[in-house]
S.K.: 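Structure in structure tokens, see below.
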Amino acid sequence: MQLLFSLVTALLAPVSLAAPAKGVSQRHDPFDRRENLCSLRTPPSICQPNATITVEETALRAYKFYRAFVVDGDPRTMFSLIDSSYIQHHPGYGSGPNTIWPLFCSGNKIGTEKNTAWCFDASTNMSYAKYSVTDRWRWVGGCVHEHWDQGETIPTAKCFKLNTTTTLS
């Protein structure tokens with residue numbers, strides 16, 4: 001009987017007492033506060049275009065950008081994928097990453113992967129994110145270089161299939 005009691009106790013013991021492994025991020029926990037970087041006047045780092053970046057790597061970067069912008073509210077990652085020449089085609093906004101920094105520095109999430117959509121079209125080197133609107137970005141040298149957000153639609157038949165065994169860093 002004591003063995004049965006010990007087994008039941010062991011199985012029902014709360015497992016939440018264990019601390020996460022060192023280096024494991026809990027950033028995607030919905031109760032975590034997003035990183036607010038608005039005390040910085042400019043993004044902490046921006047993307048340096050590199051002509052050797054492959055289409056596959058650009059697609060992975062585009063997905064990482066989508067996650068940072070829409071799902072995770074991660075301005076540090078988002079701006080690390082935008083180049084210094086960022087061209088903005090939205091009326092009323094200037095070009096360059098510093099002009100849009102105040103809009104995103106607080107790390108606000110826009111949606112989840114369940115209520116938004118993402119696509120990278122390798123034939124045009126463009127990525128898309130659909131939430132309340134659809135944004136389109138042109139990628140150059142593995143960096144976001146240009147942005148549109150009026151009347152855009154996702155070319156669903158052309159979406160790049162990511163290698164699901166690859167991890168994002």
Side-chain angles (χ1 to χ4, degrees), residues 23-30 32 34-35 37 42-169:
V24 173
S25 171
Q26 292 182 322
R27 175 118 170 91
H28 301 296
D29 181 344
D32 279 356
R34 303 295 176 236
E35 185 175 24
L37 299 175
T42 60
S45 68
I46 55 174
C47 189
Q48 302 301 316
N50 179 341
T52 65
I53 301 290
T54 65
V55 169
E56 292 79 11
E57 189 172 352
T58 301
L60 281 171
R61 287 175 174 217
Y63 178 72
K64 188 175 180 181
F65 180 80
Y66 155 75
R67 289 280 321 192
F69 173 47
V70 177
V71 179
D72 298 331
D74 178 355
R76 184 178 302 274
T77 299
M78 180 183 168
F79 279 82
S80 74
L81 294 165
I82 297 174
D83 73 17
S84 62
S85 302
Y86 180 74
I87 301 167
Q88 176 65 263
H89 292 283
H90 186 92
Y93 289 96
S95 293
N98 295 349
T99 62
I100 60 167
W101 175 245
L103 300 173
F104 301 104
C105 62
S106 63
N108 292 327
K109 290 174 40 158
I110 295 173
T112 67
E113 283 201 69
K114 290 182 181 179
N115 67 6
T116 64
W118 170 84
C119 177
F120 177 75
D121 179 352
S123 70
T124 61
N125 229 30
M126 302 268 189
S127 69
Y128 300 78
K130 182 178 180 177
Y131 45 102
S132 58
V133 299
T134 300
D135 282 307
R136 174 172 56 117
W137 297 274
R138 183 167 71 97
W139 291 75
V140 174
C143 302
V144 172
H145 182 72
E146 209 164 350
H147 169 258
W148 296 263
D149 65 358
Q150 296 182 328
E152 303 299 327
T153 57
I154 291 182
T156 53
K158 294 182 174 185
C159 294
F160 189 88
K161 303 292 185 229
L162 291 177
N163 178 348
T164 58
T165 61
T166 302
T167 59
L168 298 174
S169 54

S.K.: So Cys159 and Ile154, do their side chains get closer than 4.5 Å, heavy atoms only?
M.R.: yes
S.K.: Within the side chain of Trp118, is there an N or O that forms a donor-acceptor pair under 3.5 Å with the backbone of Ala62?
M.R.: yes
S.K.: Please lay out, stage by stage, how Phe160 and Val55 fare under the test side chain to side chain contact (heavy atoms under 4.5 Å, CB included).
M.R.: CA-CA 9 Å; Phe160 189 88; Val55 169; 4.0 Å; yes
S.K.: Nearest heavy-atom pair of Pro97 and Ser84: which atoms, and what distance?
M.R.: CD-O, 3.5 Å
S.K.: Working to the nearest 0.5 angstrom, can you tell me the gap between Ser127 OG and Tyr66 OH?
M.R.: 11.5 Å
S.K.: Checking Tyr63 against Phe120 for the ring-ring contact (aromatic ring centres under 6.0 Å, His included) test, could you report, in this order, the C-alpha distance in whole Å, the side-chain angles of both residues, the deciding distance, and whether it holds?
M.R.: CA-CA 8 Å; Tyr63 178 72; Phe120 177 75; over 10 Å; no
S.K.: Has the side chain of Ser80 got a donor or acceptor atom that lies under 3.5 Å from a matching backbone atom of Ile46?
M.R.: no
S.K.: So how far is it from Asp72 CG to Met78 CE, rounded to the nearest 0.5 Å?
M.R.: 12.0 Å
S.K.: Between SG of Cys143 and CD1 of Ile53, what distance do you get to the nearest 0.5 Å?
M.R.: 7.5 Å
S.K.: For a quick check under 3.5 Å, do Thr52 and Asn50 share a side-chain donor-acceptor pair by atom type?
M.R.: yes
S.K.: I'd like to check Pro155 versus Met126 (side-chain heavy atoms, cut-off strictly below 4.5 Å). Are they in contact?
M.R.: no
S.K.: Let's go through Trp101 and Leu37 carefully: what are the C-alpha distance in whole Å and the side-chain angles of both, what is the deciding distance for side chain to side chain contact (heavy atoms under 4.5 Å, CB included) to 0.1 Å, and is it a yes or a no?
M.R.: CA-CA 9 Å; Trp101 175 245; Leu37 299 175; 3.6 Å; yes
S.K.: Mark yes or no for whether Asn98, through its side chain, and Thr42, through its backbone, hold a donor-acceptor pair below 3.5 Å.
M.R.: no
S.K.: Let me see the working for Ile100 and Gln88 under side chain to side chain contact (heavy atoms under 4.5 Å, CB included), right down to the final yes or no.
M.R.: CA-CA 9 Å; Ile100 60 167; Gln88 176 65 263; 3.7 Å; yes
S.K.: State the CZ-CD1 distance between Phe104 and Ile82, to the nearest 0.5 angstrom.
M.R.: 7.5 Å
S.K.: Backbone N or O of Ala68 within a donor-acceptor pair of the Thr77 side chain at under 3.5 Å?
M.R.: no
S.K.: Measure the spacing between CD of Gln150 and NE2 of His90 and express it to the nearest 0.5 Å.
M.R.: 5.5 Å
S.K.: Please identify which of these residues, Glu146, His147, Arg138, meets the side-chain hydrogen bond (donor to acceptor under 3.5 Å, both in side chains) condition with His89.
M.R.: Glu146
S.K.: State the CG-CH2 distance between Asp135 and Trp148, to the nearest 0.5 angstrom.
M.R.: 11.5 Å
S.K.: Out of Phe65, Tyr86, Tyr128, which one pairs with Trp137 under the ring-ring contact (aromatic ring centres under 6.0 Å, His included) rule?
M.R.: Phe65
S.K.: Run Leu81 and Lys64 through side chain to side chain contact (heavy atoms under 4.5 Å, CB included) and show every step you take.
M.R.: CA-CA 9 Å; Leu81 294 165; Lys64 188 175 180 181; 4.2 Å; yes
S.K.: Are Glu152 and Lys130 close enough for a salt bridge, meaning some N to O gap below 4.0 Å?
M.R.: no
S.K.: Is there side-chain contact between Leu162 and Leu60, with heavy atoms separated by less than 4.5 Å?
M.R.: yes
S.K.: State, with a plain yes or no, whether a side-chain heavy atom of His145 is found less than 4.5 Å away from one of Ser85.
M.R.: yes
